[in-house]
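Encoded as structure tokens, the structure appears first; notes follow it.
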Amino acid sequence: MAEEWANSHGGSLPSSREEQKEFKDRLKTKMIAVDEDNYKEAIDASFKIFASRGISSGLHQIINDSSAEVDSTSSDFWVMVAALKEFIANEGGGEAPLEGSIPDMTSSTEYYVNLQKIYQAKAETDFLAVEQRVRTILKRIGREPGAIPKANIKLFCKNTRKLTVCRYRPIEEEFNSPVLSMLQRYLTDEDYSIAAGFYILLRAVDRFTANYNRFPGLFDGEMDEDISRLKTIAVGILGDLGCNGSTFTEDLINEMCRFGGAELHAVAAFIGGIASQEVIKLITKQFIPMSGTFIFNGIDQKSQLLAL
């Protein structure tokens, strides 16, 4: 059906909402009965042919990253990215290597297996081309051609369409010079103001603790004084960061002092679970780790990520 459409539309596939609806309607007209699973699946999956050809903007950014200009000190990942870039420009014809898998669908076993073999064969051909380019690049930069295991290259090829490069600012940079425009936006945005307020107050608590050798609100008799001290420190931090005039509600300051440095076991377990999950992502280099400062508001049961 896609081929028929392209032949009658100058080689183009459906793009506009109207064309996509018309294409689905054409699929429906081919149905002999209302319960034909093949056509139902085709209609549900038709969005896949609406996508434009070529690689995503994210992958385009990765292959054109300065780190893709490799030398003897480059990591295995960037060597494979360099090989991928060459593959896309040559054997791939503008496309990334084929993953090789196909989704479950209503089909006879014979047809399904034959189709699966076609996809697997193309994926294997693409992998071999990328592997050869990896070996050539390794040799060119003075490394052993077999330095990157075959299994790693195959895994890389299988996931090329899902690659993500994560770069993080050191926490020292965030503390000394956060992205001012983002911090100001968070402080004034209704959806983020509480999380940003807690972020500033957590830093204020650190400074309070360094000054007074205890958490604010630890002693009931000094509660009012601690609230005043913590507010002064928080306003000072806002000023140091260039956010003069920014404010947050008194309720947040009162709440920060009210709990007096207490640690609820349920909240501690929740935060510990998140931290361990992120560590696993970083160690295994699988899935996408958080990029920013994670704030969990246990009062509202709300989690937010601040890019500072």
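The figures that follow rest on heavy atoms only: side chains count, while hydrogens, waters and symmetry mates do not. For this chain, numbers begin at 1 and follow the sequence in order.
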So do the side chains of [X] and [Y] get within less than 4.5 Å of each other, counting heavy atoms only?
X: I227; Y: M256; answer: no
X: L138; Y: E144; answer: no
X: D126; Y: C157; answer: no
X: Y39; Y: I32; answer: no
X: I194; Y: Y199; answer: no
X: L305; Y: T293; answer: no
X: L306; Y: L183; answer: no
X: F294; Y: S303; answer: yes

Salt bridge check: are [X] and [Y] linked by an N-O gap of less than 4.0 Å?
X: K122; Y: E91; value: no
X: E95; Y: R53; value: yes
X: K21; Y: E18; value: no
X: K24; Y: D44; value: no
X: E225; Y: R229; value: yes
X: K158; Y: E99; value: no
X: R140; Y: D71; value: no
X: E250; Y: K231; value: yes
X: E22; Y: R17; value: no

What class does the angle between the rings of [X] and [Y] fall in, given that below 30° is parallel, 30 to 60° is tilted and above 60° is perpendicular?
X: F270; Y: F296; result: tilted
X: W5; Y: H9; result: parallel
X: Y186; Y: Y192; result: tilted

Do [X] and [Y] sit in the same hydrophobic cluster, where Ile, Leu, Val, Met, Phe, Trp and Tyr count as joined when their side-chain heavy atoms come under 4.5 Å apart?
X: V113; Y: Y119; result: no
X: L163; Y: L282; result: no
X: V165; Y: V79; result: yes
X: I233; Y: F219; result: no
X: M31; Y: F23; result: yes

Minimum heavy-atom separation for [X] to [Y], with atom names?
X: P145; Y: R135; answer: O-CD, 2.8 Å
X: A83; Y: V130; answer: CB-O, 4.0 Å
X: R161; Y: L98; answer: NH1-CA, 4.0 Å
X: A68; Y: A82; answer: O-CB, 3.5 Å
X: D226; Y: F215; answer: OD2-O, 4.5 Å
X: A147; Y: R143; answer: CB-NH2, 3.8 Å

Indicate yes or no for a side-chain donor-acceptor contact from [X] to the backbone of [Y] under 3.5 Å, with no hydrogens or angles considered.
X: E255; Y: D251; result: no
X: E278; Y: M290; result: yes
X: Q301; Y: G298; result: yes
X: R207; Y: G236; result: no
X: S8; Y: E4; result: yes
X: N159; Y: L155; result: yes

To the nearest 0.5 Å, how far apart are [atom1] in [X] and [atom2] in [Y]?
X: N152; Y: D76; atom1: CG; atom2: CG; result: 7.0 Å
X: L241; Y: L180; atom1: CG; atom2: CG; result: 8.0 Å
X: D191; Y: K302; atom1: CG; atom2: NZ; result: 5.0 Å
X: I295; Y: L202; atom1: CD1; atom2: CG; result: 5.5 Å
X: I55; Y: Q61; atom1: CD1; atom2: CD; result: 11.0 Å
X: L84; Y: W78; atom1: CG; atom2: CH2; result: 10.5 Å

From CA spacing to verdict: side-chain contact (heavy atoms from CB on, under 4.5 Å), I137, E86 = CA-CA 10 Å; I137 291 171; E86 292 183 3; 3.9 Å; yes
request  = Might you work through the salt bridge (Lys or Arg N to Asp or Glu O under 4.0 Å) test for E174 and R169, ending with a clear yes or no?
outcome  = CA-CA 7 Å; E174 179 189 313; R169 279 158 50 86; over 6 Å; no
request  = Check the pair D65 / R167 against salt bridge (Lys or Arg N to Asp or Glu O under 4.0 Å), numbers first and verdict last.
outcome  = CA-CA 12 Å; D65 193 287; R167 291 188 170 101; 2.9 Å; yes
Going by atom types alone, do [X] and [Y] pair a side-chain donor with an acceptor below 3.5 Å?
X: E110; Y: S108; answer: no
X: D300; Y: N297; answer: yes
X: E41; Y: T106; answer: yes

message = Would you say CZ of F259 has more than 12 non-hydrogen atoms from neighbouring residues, nucleotides or ligands within 6.0 angstrom?
response = yes
message = The test is side-chain contact (heavy atoms from CB on, under 4.5 Å); show your working for V179 and L308 and say whether it passes.
response = CA-CA 5 Å; V179 182; L308 300 170; 5.6 Å; no
message = Whether K281 engages the ring of F287 as a cation-pi pair (distance to the six-membered ring centre under 6.0 angstrom, angle to the ring normal within 45°) should be assessed.
response = no
CA sep, side-chain torsions, deciding dist, call: V81, V70, side-chain contact (heavy atoms from CB on, under 4.5 Å) = CA-CA 9 Å; V81 168; V70 294; over 6 Å; no
request  = Please assess I299 against F198 for the test side-chain contact (heavy atoms from CB on, under 4.5 Å), listing each intermediate value before the final yes or no.
outcome  = CA-CA 12 Å; I299 302 168; F198 275 130; 4.2 Å; yes
task = Mind running salt bridge (Lys or Arg N to Asp or Glu O under 4.0 Å) on E36 and K40 for me, showing each step along the way?
result = CA-CA 6 Å; E36 289 184 276; K40 288 180 181 177; over 6 Å; no
